[in-house]
Structures are given as C-alpha cells and as structure tokens.
**Q** 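Take this structure, written in structure tokens, and hold onto it; I'll ask about it next.
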Amino acid sequence: MSKASKVLRKPSSFMEIYKHKPGPEKDRTHYCPGCGHGIIHKLIAEALEDMEITERTVMISPVGCSVFLYYYFNTGNLQVAHGRAPAVATAASRANPDSVVISYQGDGDLAAIGGNNILQAANRGENIAVVFVNNAIYGMTGGQMAPTTLPGQKTTTSPYGRNPANEGYPLKMVEILNCLDAPTYLARTSLHDVPNMRKTRQAIRKAIQNVKDKKGFSLVEVLSMCPSQWRTDGPAAQKWILEKMIPTFPLGVVRDLSDEREPIARPVPVMEPTEVKRLLGLISDEEVAGASASRDFKRREVAPQHANPSIRVAGFGGQGVLSIGVALANVGMEYGYNVSWLPSYGPEMRGGTANCSVKIQEATVGAVEATEPTVVIAMNRPSMERFEKILVPGGLLIYNSTLIEIEPTRGDISVVAAPITKLADDLGNTKVQSMVAVGAYIGATGLFDLEDVVSMLPRLFPGKKELLDLNERAVRAGYDHVVAAARSRG
Amino acid sequence: MATRMLMKGNHAAVYGALLAGCEAYFGYPITPASEIAEGASLLFPKLGRTFIQAESEVGAINMVYGAAGCGKRVLTASSGPGVSLKQEGLSYCAGSALPCVVVDIMRGGPGLGNIGPEQGDYNQVVKGGGHGNYRTIVLAPNSCQEMCDLTMYAFELADRYRNPVFVLTDGVIGQMMEVVELPEPVENLPDKSDWAVMGTAGTRNLINSIYLAHDEMEWWNEQLRKKYELVQQKEVMFEEYMMDDAEYAVIGFGAASRVLRTTVDMARAEGTRLGLFRPITLFPFPKKEIAALPGRGVKGILTVEMNTGQMVDDVNLALCGTDVRSGYYGRYGGNVPSAREVLDRIAELGWRSGS
Ligand SMILES: Cc1ncc(C[n+]2csc(CCOP(=O)(O)OP(=O)(O)O)c2C)c(N)n1
C-alpha cells in the first residue's frame with residue numbers, strides 16, 4: 001500500500017473512538033482493504049484540522065459505502081437519503097451560512113439517483129464542497145453497474161459487460177457540470193499513485209477552502225479503488241484506474257474561478273416580532289390606517305330579499321369576474337359581515353369562462369360555493385344560460401345587456417339589465433366593466449353605501465391615481481344607471 | 001392595523017408559517033397549492049428568510065430535512081402528485097425525528113388527475129405514507145383563519161414531538177378567500193442545540209435514521225410508537241356543531257365540513273336534529289369521541305368525504321362494537337357535494353327526527 005494511505009497520526013477532525021459504530025471494533029473503519037474511501041476521508045479530515053474549521057463543518061453522509069461517514073468525523077453530521085445529499089447540503093448551508101458543508105457522494109448516489117439534485121445545486125452555485133467518489137461501481141449493494149461503469153466492464157447487473165447500446169456510456173459528471181455558469185471549482189483527480197493522491201489532497205483543500213471563503217460550489221471527482229467489488233486487490237485496482245478509467249475520465253482542474261468569485265452573502269433572517277410585523281405591513285402606519293380604519297362602515301337597512309346574499313358572478317376570462325367578487329367580499333368585511341369568496345380556478349380561468357361565489361352574511365359561512373345563489377351577476381351569455389337556472393325563486397339576476405342579447409326566461413326572479421360593458425367603454429376602458437358591475441349590484445340591492453365602496457378603492461387598486469379615478473367613475477356609472485332605471489320604472 | 005385581511009387559504013398558510021418563525025420554504029409549484037410557493041417567494045425574502053424553488057418535490061423535502069436537521073422551522077407545500085414524491089423524505093424526517101411542516105392542498109387523482117378539489121390523499125397522508133413504522137400528525141383546517149392558525153400550531157406540534165406535521169386540506173380551502181385575523185408573531189423559538197446540527201462546536205450532533213442492529217431498530221420503533229401513542233392521548237382536536245341534542249350526525253373535514261354545516265342548518269330548519277362532528281386532527285383521529293356518539297343519543301352517522309371513502313374506515317373502526325348506523329357519501333373527481341344532496345341522502349336513509 002502506498003505511503004500516503006498509511007494512517008500515521010489521526011487528525012483531530014476524526015472521532016477519537018467511533019462511538020456511533022455498532023459492535024466492539026470502535027477504533028477500526030468499516031471499509032474493505034484497499035478501498036479509496038478511507039484515504040479520501042483522511043484527506044478531508046486533515047484539511048479540516050489545518051483550516052481549523054472542524055467545529056463548524058457539517059458532513060453530509062450519503063447512501064452508499066460512505067453511509068457511515070458519521071462514524072468518523074467529529075463534526076456535525078447529517079445522514080441523508082440516496083442521492084439527495086446536494087439538496088440537504090443546500091438547506092444546511094442556507095440554514096447556517098457560516099457552517100462549512102461537505103457533501104460526500106458515490107457515483108450511484110451523485111450521477112444516477114441524485115443526478116438532478118447535483119445539477120441543480122451546482123447551478124444554484126450553493127456554497128458547498130462536493131467530494132464525488134467515482135469507483136465505477138455500486139460498492140454498498142454488492143457490485144452492480146454504476147452510471148460511471150466502463151463499457152465492457154462486468155458487474156453483477158452487467159454480467160456480459162456494460163453494453164452502451166443497452167445501458168449507455170459512462171457519465172462524465174465534471175464535464176457535464178462544467179457546462180453550467182455557476183460552479184466555482186471543478187476538478188477530477190485520482191488515487192492510483194502517490195503524486196495523484198497529493199493532487200487529490202490539493203483539490204479537496206481547494207474545494208473546502210472555497211466553501212470556508214463562501215466562494216460557492218466546488219466539486220472534486222476522485223477516481224477511487226473498489227478492490228472488493230472489482231474482484232481484485234489494491235495494487236491491481238490502482239493499475240486499473242490508470243489504464244482503464246483515466247482514458248474515459250481525464251484528470252485535471254477543469255474550472256477554477258476561486259479568485260474571481262465574490263463571497264456569497266446570505267441575508268440575516270428577521271425574527272424580532274415588531275420588526276416582523278412592520279416588514280409584513282401588519283403594523284399601522286398612517287397611510288395604511290387612513291383609508292379604512294378612520295371610516296366608519298355602518299351597516300344599512302337592507303330589504304330582506306337582499307340581506308345575506310349568496311352571489312354567483314360569471315363571465316369570460318378578462319371581464320374581471322373574480323375581481324367583482326373580491327371587491328364585494330372586501331366591502332362586506334368592512335361592514336363586519338362574515339364573508340367568503342371562492343373562485344373557479346385552473347384551466348377554466350384561462351381563456352374560457354370564469355366564475356366565483358361570494359357570501360356576505362350575518363351568520364358563520366358554511367358551504368362557500370353558491371350552489372343556490374340569491375344573486376347572479378352574468379357578464380356574458382353562456383354565464384346567464386348556466387346560472388339563471390340555479391337562482392333561488394325570488395332571486396336577483398343582474399345581466400350585462402351589452403353582451404347578452406337574449407332575455408332571461410324565468411318569471412319568478414327579479415331582473416336588472418345593465419349595459420355594463422358599454423358603460424365601461426363610454427368611460428374609455430373596457431377593463432373597468434368589473435367595477436361598473438359592482439356599482440350596478442349595490443345600486444340594485446342597497447347592501448352597501450356607494451361612498452363606502454368608493455372609499456375602499458384605493459385599497460383594492462393600490463397604485464396609479466388615474467386608474468383609481470377611472471374605477472371610481474365606473475362604480476358610480478354602474479350605480480347611477482341602475483338607480484335611474486329603477487326610478488324611471490317608478 | 002392591517003392585521004385583518006381578506007386572503008386565500010393558501011396565503012394564510014404562508015402568514016401562519018412566517019408568524020410561527022419559519023425560516024425557510026422549499027417547494028415546487030403545483031395547482032392548487034402554488035399560491036403557497038408564490039406567497040412564500042414574495043414574503044420570505046422580505047424577512048431575510050430563505051425561499052428556494054426546488055428542482056422537484058424530492059429536492060424540496062430533502063431540503064426540508066436539511067433545514068430541520070439544522071434546527072430551523074421549515075415549510076414545504078404541495079398537492080397529491082408532489083406529496084407522493086415527498087414520501088421517502090418524510091419517512092427519513094420521521095425516522096430521524098425531525099420537526100417540519102408540510103401543507104397538502106388536495107386535488108383530483110389518481111395519477112395526474114385534475115386540479116379540482118378532492119380529499120383523496122387522506123390515506124397516504126394520515127396513515128404514514130412512506131416506508132416504515134411512522135405517523136405524521138395531521139391537522140385539517142376548514143377555513144382561511146384555520147389555515148393560518150393551524151399552520152402556526154403545526155410548527156409548535158412539530159417541535160414538541162420532533163415529527164413531521166401535515167396541514168391537510170383541499171383545493172376549496174386553499175383557493176377560497178375569507179377574513180383572516182393575523183395573530184402575533186411567536187416570540188421565543190425552542191432551543192434545539194441539544195440535537196440539531198447548527199455549525200457550531202457545541203452542536204456537532206448526528207441526524208440519522210440508521211439502526212443496523214435489529215434490537216436497536218426495534219427499540220427506536222418502540223420509541224416512535226410510544227410517541228404516537230402520546231400524541232393520540234394528548235393532541236386530539238375536533239369541533240362540534242349542533243351536536244348536543246343530535247339524533248343523527250354528519251362527519252367530515254375540510255371543505256366537506258363547510259358544506260355539512262349548511263346541511264345541518266337545512267336539516268334543523270326541517271326539524272331533524274342533525275349535528276356536525278368535524279375532526280380537526282386526522283392523526284390523532286378522534287376515535288374515543290366518535291365512539292362516544294351513540295352513547296350521547298346519536299342513532300345514525302353519515303361520513304361525507306370528497307373521495308371514494310377513506311376516512312370512513314377510521315370512523316367505522318371507532319364505531320366498532322356500537323349499534324349505530326354508519327353510512328358514507330362522497331363526491332370526487334373535483335366535485336364538491338352540495339349541502340342539499342347530502343340532505344337528500346339523509347332523507348333517503350330515512351333519518352328524520354320525530355318519524
Ligand atoms: C431509494 C434507494 N434506492 C436504492 C437504495 C440501495 N442502495 C444503497 S447504496 C446503493 C448504491 C451506492 O453506490 P455508490 O453511490 O456508487 O456508492 P458506493 O457504495 O460505491 O460507495 C444503492 C443502490 C437505497 N438505499 N435507496
């Protein structure tokens with residue numbers, strides 16, 4: 001065995017005794033003779049010791065032969081699901097940005113089941129060091145084919161040798177990751193002789209240093225021996241790396257942007273309650289309080305047929321059907337009613353028709369869908385055809401006579417026809433037809449005071465003053481039209 | 001004060017999480033849960049907290065595992081297909097005793113199904129879902145206020161028991177808007193330094209679910225079993241409406257329970273003494289309370305779900321040995337039962353007071 005792999009002095013980053021290891025042998029590793037994992041562990045441990053970062057290092061133990069990484073490292077340890085180390089490492093790094101997070105993974109773990117997780121963590125430029133042990137085989141489970149198994153290589157699941165026509169070619173992860181913009185450092189090294197072990201040592205140190213310096217995603221792929229599953233011995237295994245693996249997996253540092261990259265700064269979470277409320281806008285500052293809190297929304301006397309409405313609003317997407325409901329529910333809330341709003345959601349909303357249910361009532365709201373509405377506001381013809389039918393007897397149908405050229409058919413309901421779209425167009429913007437409809441509804445029912453509704457508009461449409469004025473005119477136009485029409489009917 | 005707001009159930013969950021001191025959100029979009037990710041992407045960064053749109057639900061739940069293991073309150077949310085993908089990670093969370101909160105806004109299934117509201121994830125969420133002997137604590141809000149309050153409370157339970165907690169509801173509750181009174185933010189978060197990995201000398205702990213020795217694995221399962229027994233004893237929550245003199249009862253959770261409240265009002269208006277029993281915790285299930293209903297004079301119980309009959313199995317188990325009549329009524333595929341059709345079903349069963 002080569003010199004560098006001999007354990008002369010145990011770095012302090014290793015546990016003194018392997019207390020988590022079951023059984024009596026708490027001073028020996030679980031690895032097979034000639035395995036590369038032990039060497040790589042030692043290179044990491046020495047780096048942590050020399051950089052004096054053992055105490056803030058978090059090791060991510062994968063699934064694979066190195067699943068028991070936590071036996072050895074006197075650091076924080078997270079053992080994780082097969083392939084998911086980069087996702088866990090991401091969160092560990094975000095949770096405590098000053099910790100040094102090292103994701104240690106085998107080839108099955110990183111390149112097969114966790115292929116997407118490593119790609120995405122690399123692409124986010126997470127501040128983690130990844131040590132990727134490529135032994136061209138599944139060690140832990142008894143020598144099955146890995147994504148890095150060489151063409152022709154026999155494993156227990158490629159007994160005739162890996163056939164690229166059936167199982168594809170070895171995945172070259174360093175080269176794949178090198179296509180991304182975010183990674184800081186990418187290298188491939190090997191353990192096949194002492195000079196290359198030294199290069200591995202340097203690369204691992206570089207990756208860990210980068211994480212310590214918050215320079216971002218750094219990965220070292222190490223070509224490593226698995227004499228047991230390769231059915232060979234240590235020296236032959238090293239020779240096999242040199243002769244067979246390196247031609248497929250060329251060595252070298254393919255990217256080093258360590259010097260150019262600025263340290264990643266993560267925000268400090270705000271946890272102090274008052275500050276939390278302020279940042280979420282939950283504390284009154286004058287403007288927020290001004291509009292509503294100072295106004296006294298006094299409930300009005302409402303004709304019994306208009307009290308506690310169960311409203312269905314419907315039209316085509318783009319008519320602001322959902323906003324009509326939201327506006328009514330918001331005003332209802334200010335009057336202290338119990339309110340609910342339920343949209344039809346999803347594909348129905350896109351392009352086709354949209355509808356929503358609004359309840360504004362004295363009592364607690366049970367069912368939120370207006371299956372037996374007392375009011376239907378129909379903005380287009382299909383909506384009227386669909387919902388007129390389900391109005392309760394004595395209910396109110398408000399329909400958009402600009403777009404609905406037919407008459408309602410039922411005789412047991414009251415009907416208000418208003419040219420909602422035309423009134424909006426007259427104001428110069430079809431979009432405000434939703435607020436025309438709101439005006440029409442309160443004109444027809446008297447449930448809300450017109451000025452109360454107008455006072456709510458700044459909250460419903462925060463932002464542009466012109467739009468606000470337009471919406472106010474729209475509400476008034478709908479209201480005035482309906483009230484005038486009722487008066488002229490006497 | 002703008003602490004009273006009209007908001008969607010999905011958004012209320014985001015507020016609940018933030019007010020509970022949740023420091024990180026990891027999720028992947030899916031209708032009808034996407035507003036949780038969207039709301040989190042808007043609000044978490046405002047408070048310097050972490051939001052990541054993960055590569056998948058598998059990525060998200062493993063990020064949750066990482067943040068929870070590092071001592072943070074952490075949230076993810078999804079719907080059916082995404083929750084299926086999270087199950088392995090949830091098993092790891094339970095096996096490693098990690099507190100976390102998962103919101104499931106159920107949609108139509110199986111398979112890609114549709115995005116309408118459904119309750120077909122009951123079994124996969126309430127019975128453990130992933131591999132191995134574990135349970136998740138499951139809270140079932142039926143209003144936007146509860147989406148906020150129970151999400152907040154979920155974090156407390158998660159920390160108390162070091163276990164994943166689900167907030168399980170359907171597309172109706174996620175998508176609808178109601179008035180939400182936002183509670184005060186949590187002042188003090190629990191100290192987790194004795195077990196969490198926080199990147200400090202004193203927190204070089206181990207998060208792990210491996211127990212190689214069979215006896216140790218058995219021991220650990222025994223600890224988990226005892227924990228769930230304690231949860232069953234101490235954490236049952238339910239709500240009753242008009243149950244005091246009820247001759248018949250309907251049982252439902254989530255949007256179905258909202259419909260059932262209206263059914264109760266309609267039945268009462270016709271003189272039938274119907275009441276509503278609503279489990280708020282689905283695990284622990286209010287077994288004892290349901291078993292006690294016959295003794296309180298209830299002669300017939302109709303379980304109403306937005307699935308083909310999942311919770312009804314638990315109701316029937318609870319009622320085992322009593323002579324109460326138990327029925328089931330369900331709508332699914334995105335359809336929500338109407339209060340009237342449930343009333344009609346009750347009439348068909350001949351359940352009418354004074355007859
Ligand atoms: C979801 C899942 N699938 C499969 C396994 C079984 N499994 C354990 S280790 C392993 C392969 C590990 O190989 P590799 O990542 O190359 O690491 P090595 O053992 O060679 O160090 C597999 C498939 C598992 N634990 N979890």
Side-chain angles (χ1 to χ4, degrees), chain A residues 20 22 55-56 58 67 70 74-81 84 87-92 94-96 98-100 116-117 120 124 267-271 273 276-277 279-284 288-289 293 326 329-330 333 338-343 345-347 364-369 371-372, chain B residues 1-3 6 18 21 23-24 26 31-32 43 46-50 52 54-56 58-59 62-67 69-72 88-89 92 115 172 175-179 182 184-185 187 197-201 203-210 212-213 258-259 261-262 265 336 338-339:
Chain A
H20 294 304
E55 296 188 336
R56 57 189 174 100
V58 177
V67 62
Y70 61 85
N74 190 13
T75 58
N77 285 287
L78 301 167
Q79 197 291 313
V80 303
R84 314 308 170 201
V88 177
T90 293
R94 300 295 185 108
N96 298 302
D98 289 333
S99 52
V100 175
N116 191 29
N117 301 109
Q120 302 281 343
R124 287 189 300 265
V268 180
V270 177
M271 305 305 283
V276 165
K277 287 199 287 186
L279 289 169
L280 289 177
L282 306 182
I283 286 178
S284 60
V288 181
V326 171
N330 262 294
M333 167 178 78
N338 289 300
V339 299
S340 67
W341 171 92
L342 176 73
Y345 59 88
T364 304
V365 179
V368 285
E369 188 179 345
T371 48
E372 298 174 17
Chain B
M1 298 271 279
T3 55
L6 188 70
L18 287 169
E23 278 187 57
F26 305 104
T31 311
L43 296 180
K46 274 195 184 176
L47 301 185
R49 304 187 190 179
T50 301
I52 296 180
E55 55 269 29
S56 66
V58 175
N62 283 282
M63 291 177 190
V64 165
Y65 180 95
C70 293
K72 302 299 183 184
E88 184 204 27
Y92 272 75
I115 60 172
V172 170
Q175 290 297 321
M176 72 189 217
M177 279 206 238
E178 286 182 311
V179 178
L182 293 175
E184 286 294 305
E187 297 254 352
V197 173
M198 295 154 84
T200 60
T203 60
R204 282 179 282 172
N205 296 309
L206 169 63
I207 303 299
N208 183 27
S209 58
I210 304 174
L212 281 188
R258 296 293 294 262
V259 170
R261 189 184 167 103
T262 300
D265 289 341
V336 179
S338 75

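Chain letters run A, B, ... following the sequence lines, proteins first, then strands; residues in each count from 1. Side chains are part of it too, since the values below use all heavy atoms of this structure and drop only hydrogens, waters and symmetry mates.
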**Q** Just so I understand: if I count every heavy-atom pair under 4.5 Å between each of T90(A), T371(A), V268(A) and chain B, which residue has the most?
**A** V268(A)

**Q** Side chain, backbone, both or neither: which part of V326(A) has an atom under 4.5 Å from a heavy atom of chain B?
**A** both

**Q** Start with the C-alpha distance between R49(B) and M271(A), add both sets of side-chain angles, then the distance that settles side chain to side chain contact (heavy atoms under 4.5 Å, CB included), and finish with yes or no.
**A** CA-CA 9 Å; R49(B) 304 187 190 179; M271(A) 305 305 283; 3.6 Å; yes

**Q** Heavy-atom cut-off 4.5 Å, strictly under: side chain, backbone, both or neither for V172(B) against chain A?
**A** both

**Q** Among all residues two or more places apart in sequence or in another chain, which pass the side chain to side chain contact (heavy atoms under 4.5 Å, CB included) test with N74(A)?
**A** M15(A), R204(B)

**Q** Relative to chain B, which of A81(A), A89(A), A329(A) shows the most heavy atom pairs under 4.5 Å?
**A** A81(A)

**Q** Determine the option with the most heavy-atom pairs under 4.5 angstrom with chain B, choosing from P267(A), P22(A), G76(A), A92(A).
**A** G76(A)

**Q** Where on E23(B) is there a heavy atom nearer than 4.5 Å to chain A: the side chain, the backbone, both, or neither?
**A** side chain

**Q** Atom CG in N62(B), atom CG in L78(A): separation rounded to 0.5 Å?
**A** 11.0 Å

**Q** I'd like to know which of D265(B), I210(B), V259(B), V58(B) tops the heavy-atom pair count under 4.5 Å against chain A.
**A** I210(B)

**Q** Between K277(A) and E184(B), does a salt bridge (charged side-chain N to carboxylate O under 4.0 Å, His left out) hold up when you go through it step by step?
**A** CA-CA 8 Å; K277(A) 287 199 287 186; E184(B) 286 294 305; 2.8 Å; yes

**Q** Compare every heavy atom of A91(A) with every heavy atom of A67(B), then report the nearest pair and how far apart it is.
**A** N-CB, 3.4 Å

**Q** Out of curiosity, S56(B) OG to Q120(A) CD, how far, rounded to the nearest 0.5 Å?
**A** 8.0 Å

**Q** Relative to chain A, which segment of E88(B) carries a heavy atom at a distance below 4.5 Å: side chain, backbone, both, or neither?
**A** side chain

**Q** Heavy atoms only: give me the nearest V88(A)-G66(B) pair and the separation to one decimal.
**A** CG1-CA, 3.6 Å

**Q** Pick whichever of A95(A), P273(A), G366(A) has the most heavy-atom pairs under 4.5 Å with chain B.
**A** G366(A)

**Q** Picking from V64(B), L212(B), L18(B), which has the most non-hydrogen pairs under 4.5 angstrom with chain A?
**A** L212(B)

**Q** Donor-acceptor pair, distance only, cut-off 3.5 Å: does the side chain of R261(B) make one with the backbone of V365(A)?
**A** no

**Q** Between R56(A) (side chain only) and T200(B) (backbone N and O only), is there a donor and an acceptor less than 3.5 Å apart?
**A** no

**Q** Find the distance between CG (L342(A)) and CD (E178(B)) and round it off to the nearest 0.5 Å.
**A** 10.0 Å

**Q** Grab the two heavy atoms, one from W341(A) and one from Q175(B), that are nearest each other, plus how far apart they are.
**A** CZ3-O, 3.6 Å

**Q** Which heavy atom of M176(B) sits nearest to which heavy atom of P343(A), and what is that distance?
**A** CA-CD, 4.2 Å

**Q** Which region of S340(A), side chain (C-beta onward) or backbone (N, CA, C, O), has a non-hydrogen atom less than 4.5 Å from a non-hydrogen atom of chain B, or is it both or neither?
**A** both

**Q** To the closest 0.5 Å, what do you measure between CZ (R84(A)) and OH (Y92(B))?
**A** 9.5 Å

**Q** Have a look at V197(B) and tell me which of N77(A), V58(A), N96(A), T75(A) forms a side-chain contact (heavy atoms from CB on, under 4.5 Å) with it.
**A** V58(A)

**Q** Can you measure from CG (L280(A)) to NZ (K46(B)) and round to the nearest 0.5 angstrom?
**A** 7.5 Å

**Q** Tell me, please, which residues at least two apart from A54(B) pass side chain to side chain contact (heavy atoms under 4.5 Å, CB included).
**A** A60(B), M63(B)

**Q** Measure D98(A) against the heavy atoms of chain B and call it side chain, backbone, both or neither at under 4.5 Å.
**A** neither

**Q** How many angstroms lie between atom CG of L47(B) and atom CG of L279(A), to the nearest 0.5 angstrom?
**A** 5.5 Å

**Q** Write down the atom of G199(B), the atom of S99(A), and the distance for their closest heavy-atom approach.
**A** CA-CB, 3.7 Å

**Q** Do side-chain atoms of T262(B) reach the backbone of A367(A) as a donor and acceptor pair under 3.5 angstrom?
**A** yes

**Q** Which heavy-atom pair separates Q79(A) from N208(B) by the least distance, and what is that distance?
**A** CB-OD1, 3.5 Å

